[in-house]
There are 2 protein chains.
Amino acid sequence: MNNRTKEGMGTHSGRTFIEEARRRQIVQHAVDVIAEHGFAGATLARIAERAGISKGVISYHFDGKDDLMYEVLTLYESEEQEFIYARVDAQETATDALQMYLRTNIEYMAVHPKHLKAVVEIVIAAKDSKGKRKFDVTSVEWMEDELSRLVSILTRGQESGEFRTFDPRVMAISIRGAIENIAMYILTYPDINVSDYADELTGMFMRATREDSG
Amino acid sequence: MNNRTKEGMGTHSGRTFIEEARRRQIVQHAVDVIAEHGFAGATLARIAERAGISKGVISYHFDGKDDLMYEVLTLYESEEQEFIYARVDAQETATDALQMYLRTNIEYMAVHPKHLKAVVEIVIAAKDSKGKRKFDVTSVEWMEDELSRLVSILTRGQESGEFRTFDPRVMAISIRGAIENIAMYILTYPDINVSDYADELTGMFMRATREDSG
DNA sequence: CTATTATCTGACCGGCTGGTCAGTTTTTGT
DNA sequence: ACAAAAACTGACCAGCCGGTCAGATAATAG
């Protein structure tokens, strides 16, 4: 009486304690391997070896590599979203929201740099393999979703007069690019002062967005 | 009397007309395949098929896949650098230099989006496979090189009083991130107005860098 | 025209990939 | 205690990867 919902992602309906634990363990080790070797270098053999289990176990608990990657993506994506938007949505003005958005993004990636790297790696890989029926839609939608949330903050700021006139989409793309690039550097040089980075980033985009004073 | 310098990259010493043509052809098709399928999906078989030649021809003219990728990287990287810095270095003030830097970057990627995508794909892949003796150093150095040039422009602006006080490195990383992310979007949605993107980007970072007026 | 060299083909190789499965061990239920 | 279900192992598979090579073909030189 095993595989009930395997492919039915999301809600963990009737899973054993052991199964739940194994899945979590595998996902965690998968993240480590992806962060270390990139998506292409994250083979099932390597993930299994890292977890100290047989390769077959992964196939037993997941419907293949794609399913595992999808799990990694959705798990840490939602984890990040919750962390960030719990704080962002608590802000009243768009200015505060944007500032909090930048700050919590940096803060989150300082605590979980591997998670972010893994998510980015998967999304990029999924984008590249477009048309080969992988996790396509989801991955592209993640980018778009993240972007549209940011766009709505920016638009709100423009409507309230806090922000100047600019293309919210270009601004959002630039902000995401800045954040993701800084994430790469935090991973490469872990000994940097994250708080300073957050200050710099907020100072930068506060000036880039606010109404011209003159 | 064939392979003379094969591995000795760079200067094409004594190459046949045919060899030179074939190499160029292979590199061009390699770029197309990388841009379309990503680095991981750019197999020798696919590149050969696209070029309408046998797989062995690639091995005949290049010392393996790494050599081909290295060729793609160096060729289009230098091409881009020349295009951009020919204009950037002609500017007198740091403000003009930065503005030209942003504008020509967008302009270049509008003309050669595939080249840029290919370079980014290779650099990312090389970064991931770090420690596995590929083109490691070079790829990381490209990023660092690109970054240090930008940093020097920013530092110059700060010394001349054009720019406010900020961490030039963080700013440079953010600018690169914004440019590269926009590149991805231009590739995804080719029907956007590139000129507008350039205007938005310059407006954004002009405000982010300039001395506060008050 | 002929011999030599350069170029190219297509079959082939070992190695690694994701994935499968018969059989063994562990956990669970009674 | 014991049977059934769950969890796991390790050997195995086909398929693709980068790369090689003997032999076919094309270009060139004498």
Side-chain angles (χ1 to χ4, degrees), chain A residues 1-7 12-26 29-30 33-34 37-72 122 125-126 128-129 132-135, chain B residues 1-7 12-26 29-30 33-34 37-72 122 125 129 132-135:
Chain A
M1 207 189 296
N2 179 20
N3 48 349
R4 286 162 302 261
T5 51
K6 282 274 186 62
E7 70 295 336
H12 44 88
S13 47
R15 291 221 182 89
T16 316
F17 173 79
I18 288 180
E19 173 148 28
E20 207 66 61
R22 265 277 186 262
R23 286 176 68 96
R24 231 179 299 125
Q25 182 210 15
I26 292 170
H29 285 289
V33 175
I34 295 170
H37 300 280
F39 181 88
T43 66
L44 292 185
R46 218 166 345 219
I47 294 169
E49 185 192 11
R50 177 77 59 113
I53 57 177
S54 168
K55 218 177 46 167
V57 182
I58 298 176
S59 297
Y60 180 77
H61 290 287
F62 295 90
D63 276 359
K65 194 184 181 184
D66 287 359
D67 187 41
L68 172 58
M69 293 301 156
Y70 181 87
E71 194 82 1
V72 173
I122 295 172
D128 286 341
S129 67
K132 256 168 292 163
R133 221 175 311 100
K134 290 211 168 186
F135 14 55
Chain B
M1 209 189 295
N2 179 21
N3 48 349
R4 286 162 300 261
T5 52
K6 281 274 184 64
E7 71 293 335
H12 44 87
S13 47
R15 292 219 181 89
T16 316
F17 173 77
I18 289 180
E19 173 147 28
E20 206 66 61
R22 265 276 186 261
R23 286 177 68 96
R24 230 180 299 125
Q25 181 208 16
I26 292 170
H29 285 289
V33 175
I34 295 171
H37 299 281
F39 180 87
T43 66
L44 291 184
R46 235 195 295 248
I47 295 169
E49 186 193 10
R50 177 77 59 113
I53 56 176
S54 170
K55 218 176 42 165
V57 182
I58 298 177
S59 297
Y60 180 77
H61 290 286
F62 295 91
D63 276 359
K65 195 184 181 184
D66 287 358
D67 187 42
L68 171 58
M69 292 302 155
Y70 182 86
E71 193 82 1
V72 173
I122 295 173
S129 68
K132 256 170 292 163
R133 221 175 312 103
K134 290 210 170 187
F135 15 55

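Throughout, a chain's letter reflects where its sequence line sits, starting with A, and its residues are numbered from 1. Remember, it's a predicted structure, so these values are computed and weren't measured experimentally.
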| note | In this structure, NE2 of B/His37 is separated from CZ of B/Arg50 (nearest 0.5 Å) by 5.5 Å
| Any side-chain heavy atom of A/Ile53 sitting closer than 4.5 Å to one from A/Arg22? | yes
| query | Do any side-chain nitrogens or oxygens of B/Thr43 fall under 4.0 Å of OP1 or OP2 in D/dC17? | reply | yes
| field | B/His61 side chain near C/dA6 phosphate (N/O to OP1/OP2, under 4.0 Å) | value | no
| How long is the line joining OH of A/Tyr60 and P of C/dG23, in whole Å? | 18 Å
| message | Which heavy atom of A/Ile26 sits nearest to which heavy atom of A/Phe62, and what is that distance? | response | CG2-CE1, 3.8 Å
| query | To the side chain of B/Leu44, which of C/dT9, D/dG19, D/dC8 is closest? | reply | D/dG19
Pairwise N/O distances under 3.5 Å, protein to nucleotides 20-25 of chain D:
none

| task | Select one nucleotide: of D/dG19, C/dG18, C/dA6, the one nearest the side-chain heavy atoms of B/Lys65. | result | D/dG19
| request: Let me know the distance between CZ of B/Arg23 and P of C/dT7, rounded to the nearest Å. | output: 12 Å
| task | Using atom CD1 of B/Ile26 as one end and atom C1' of C/dT9 as the other, report the distance to the nearest whole Å. | result | 14 Å
| request: Please state how far atom CG in A/Asp67 lies from atom P in C/dG19, giving the value in whole angstrom units. | output: 10 Å
| task | Might you point out which heavy atoms bring A/Asp128 and B/Phe39 nearest each other, and give the distance in Å? | result | OD2-N, 4.5 Å
| query | Please give, in whole Å, the distance from D/dC17 P to B/Ile47 CD1? | reply | 11 Å
| Distance in angstrom units between A/Glu49 CD and D/dC8 C1', rounded | 17 Å
| query | Roughly how many Å is it from CD in A/Glu19 to C1' in D/dC8, rounded to a whole number? | reply | 13 Å
| said: Quick check for you: to the nearest 0.5 Å, what is the distance between A/Leu68 atom CG and A/His29 atom NE2? | reply: 12.0 Å
| Taking only N and O in the side chain of B/Arg22, is any of them less than 4.0 Å away from OP1 or OP2 of C/dC8? | yes
| query | Could you give the NE2-to-P distance, from A/His37 to C/dC16, as a whole number of Å? | reply | 15 Å
| Spacing of A/Lys65 atom NZ and A/Thr43 atom OG1 [to the nearest 0.5 Å] | 7.0 Å
| Distance from B/Ile47 atom CD1 to B/Glu49 atom CD, nearest 0.5 Å? | 11.5 Å
